[in-house]
Amino acid sequence: MKPQKVEKSRQLGAELVIPVMAIAFTLYYFSTIWNSPWTAQVSAFLVGGILLLVCGIFILNCVRMLANREGSLGFSTLVNRDDIRTGRIGFLGATLGFCVLIDHLGFTLTTFLFLLVSMAILGKGRRLAMITGLAAVISVAGWALFIWAFDTRFPRGWFEITMEALLSNG
Amino acid sequence: MGETATILTEVFFETIAYWWVIVPTIFLGLIVGGIPGFSAANTIIILMPLTLAMDLETGIVFMVSLYCAARMGAGIPAILVNIPGTAGAAATPLDGYPMAKAGKGQQALSISFVASCIGGLLTTIIALATMPILARVGFYMHSVEMIVVMLFGISLIASIAAQDLLKGLIAGFFGLMIGSIGTDVVYATPRGTMGFLELYDGVPLIPALVGLFAVSEAFIIIEKRVIISEDAEPKHPNWHDTIEGVGIALKRWWHIVWTSVIGLAIGVVPGAGASIASFVAYQQSRTYSKTPEKYGTGHPEGLIAPESANNGVTSGTLVPLLVLGIPGGATAAIMLVVMQFHGVSFGPALFENQPKVGYGMFMAMAVSYLIMFLTILPLSRYMSHVTTIPTIYLAPLIISFTLVGGFVPREYMFDMYLALCFGVLGYIARRTGYHVAAILIGVILGPLLERYFLLALKKSDGDVFVLFSSTLGNILWVSLFLSLMLPIILKWRRARRNEEVPAE
């Protein structure tokens, strides 16, 4: 007889994150419309009421599962050691950096830096020369297509302004 | 009749002669359609000086081709990397992406192209033939009827919830709640805005789309070396898979026909868009399918329905524009501006005074779909290779180009941070078994539903029975009820039949 595969218990702590966020947001939303005209309230109370009800049922269900030892309050499906191993945390940091820097450095430079850093993190520092070249080609191609050719409203910085001046002067 | 046929023939050959405009525009449309934030409407605005400098015929051919190609292009990243280029393609990854992950990217792209081209071509012909009737649809669709149409789309949440009822409902209603952020439509009272002025107009759709799909997907795919499943057979570009995809789509020709007609019918209603059409078509396709349990697992019909419907919308939006001068969507509104610049006056007289312009728009659409079919289909062999690009290169590319796409429509840095917040929400949802598509349906349809609901209540002084006050509305209510009950009845009958079989 083959050994039966032991099913991993459900990580209910992680599964409760969305319902908790939903409840918190709904209560906050209700607080903003408490003294508003009925037109601002009617649909929100209807939708929010159903959402609170469904979340309540889900939480009760989780409590029942915890009591029956069918799950634990763990978060390992959401956050675990693999997030460091795969470079996910570093990638998240690079993404945050991208959002912050793009307003100051413009699209092209920030994209180059972001691609370089994030590819290096995800590639665990291997093939750095190739990654640098790739990041440079992609960011310049992005500038050429979206900013130079189509004049798209991308954030502009030192590189874009310099290139614009260079190109307009012939 | 004979005169119209002569004009149509003339216009057809004249449009074909513009192939040199259509072919490059198709490729431009595929690019702008594929990146969230870049729609056909944005591109026509960006290229407005060029469009206005063209003569009228060239301008029409350019705008219409771009519109069709962008609509089709939005489905490509939806299938290959689970990132819909526009909200109209939000239902496409439900079955397209599982196909791509299983190593059937080529087939999925071929199915999508065939469904889009045939759907678009067919609805163009239908729209041309039934223009006077279709133009009146907009007059009959008031707030009450629109509420039921929205509910058809929202009922897709219930289908998604079928896999895990509570989680599906939480995701859908959470999306509806997020969609309610912004000022109310009557007194402009700010609600749930957390003090951000940028949210007074509601949650912008592109950052929500970018975050829920693109950002969260980028953080998920880095766990694997490539998108395609490790156990999927590695393949070189080949004609066999492309032709197989064409065969799968053509075998389901009737499915393409009726789902594209749904798109056409929704497209002629000003304000209704491709997202509603694709959600409704997907939901209806699943409802009347003999194998509803296969939806969401890479079922061709689940891919055909949204793709043919959202391309059916393209021809639908032209009807109120040409016959009534009412644009059915953002792109049609920009087309109106460009054509008015060239001295075109819209309305029924257009087909008497400038028949070549009126018929020319439909013909440009038909010819674009024909040329698109011939030019794009062979490329599916190479496009599908996106799924084999190592994720260490693909994920940063997705993040950089989609996040900045979130910035483009309103030029607020806030929208990039908002996309990031939606990305975190989408990531948590994916990792814990909640469906991001259900959240997005709520975000898209929630504000629309509320707007029509409040309009109906205002008209009736708060009497909720106004929802059952029109004949067409009541017919739609009955259809909605039947479409919700039918899967349950069919499931029950199937279960009973299965119980009876072993007993025999």
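By convention in this document, chain letters (A, B, ...) are assigned in the order of the sequence lines, proteins followed by strands, and residues within each chain are numbered from 1.
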Please state whether the side chain, the backbone, both or neither of [X] comes within less than 4.5 Å of a heavy atom of chain B.
| X | result |
| --- | --- |
| A:Arg126 | neither |
| A:Ile138 | both |
| A:Phe58 | both |
| A:Leu46 | neither |
| A:Thr111 | side chain |
| A:Val100 | both |
| A:Phe91 | both |

How about [X] and [Y]: do any of their side-chain heavy atoms sit closer than 4.5 Å?
| X | Y | result |
| --- | --- | --- |
| A:Trp38 | B:Leu457 | yes |
| A:Ile33 | B:Thr189 | no |
| A:Cys99 | B:Leu403 | yes |
| A:Leu53 | B:Phe173 | no |
| B:Pro396 | A:Leu122 | yes |
| B:Arg431 | A:Asn80 | yes |
| B:Ile392 | A:Ile121 | no |
| B:Glu450 | A:Val42 | no |

Counting only heavy atoms closer than 4.5 Å, note whether [X] contacts chain A via side chain, backbone, both or neither.
| X | result |
| --- | --- |
| B:Leu425 | both |
| B:Ile170 | both |
| B:Pro190 | backbone |
| B:Ala395 | both |
| B:Leu455 | neither |

To the nearest 0.5 Å, what is the distance between [atom1] on [X] and [atom2] on [Y]?
| X | Y | atom1 | atom2 | answer |
| --- | --- | --- | --- | --- |
| B:Leu166 | A:Leu60 | CG | CG | 10.5 Å |
| B:Asp184 | A:Ser43 | CG | OG | 9.5 Å |
| A:Phe98 | B:Ile399 | CZ | CD1 | 9.0 Å |

Which of [options] touches chain A most, by non-hydrogen pairs under 4.5 Å:
| options | result |
| --- | --- |
| B:Gly172, B:Ala188, B:Ser400 | B:Ser400 |
| B:Tyr187, B:Phe453, B:Phe407 | B:Phe407 |
| B:Ser180, B:Gly442, B:Gly446 | B:Ser180 |

Give a yes or no on whether the backbone of [Y] and the side-chain of [X] come within a donor-acceptor separation of less than 3.5 Å.
| X | Y | answer |
| --- | --- | --- |
| A:Thr32 | B:Gly192 | yes |
| A:Arg88 | B:Phe219 | yes |
| B:Tyr393 | A:Leu115 | no |
| A:Tyr28 | B:Met194 | yes |

Considering residues, nucleotides and ligands other than [X], do more than 12 of their heavy atoms fall under 6.0 Å from its [atom1]?
| X | atom1 | answer |
| --- | --- | --- |
| A:Arg64 | CZ | yes |
| A:Asn61 | CG | yes |
| B:Arg191 | CZ | yes |
| A:Glu164 | CD | no |

field: Whether A:Phe146 and B:Phe401 hold their rings parallel, tilted or perpendicular, with breakpoints at 30° and 60°
entry: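 If you compare the ring of A:Phe146 with that of B:Phe401, the planes turn out tilted.
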query: Any idea which heavy atoms bring A:Phe30 and B:Met177 closest together, and the distance?
result: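 Nearest pair, atom of A:Phe30 first, then B:Met177: CE2-CE, 4.1 Å.
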message: Testing the basics here: between A:Val17 and B:Ile428, what is the closest heavy-atom pair and its distance to 0.1 Å?
response: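 Closest approach of A:Val17 to B:Ile428, heavy atoms only: CG1-CG2, 3.8 Å.
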What option among [options] has the most heavy-atom pairs under 4.5 Å with chain B?
| options | result |
| --- | --- |
| A:Leu16, A:Thr86, A:Ile18 | A:Ile18 |
| A:Gln41, A:Met119, A:Met21 | A:Met119 |
| A:Ala135, A:Pro37, A:Ser36 | A:Pro37 |
| A:Ala22, A:Ala40, A:Ser118 | A:Ala40 |

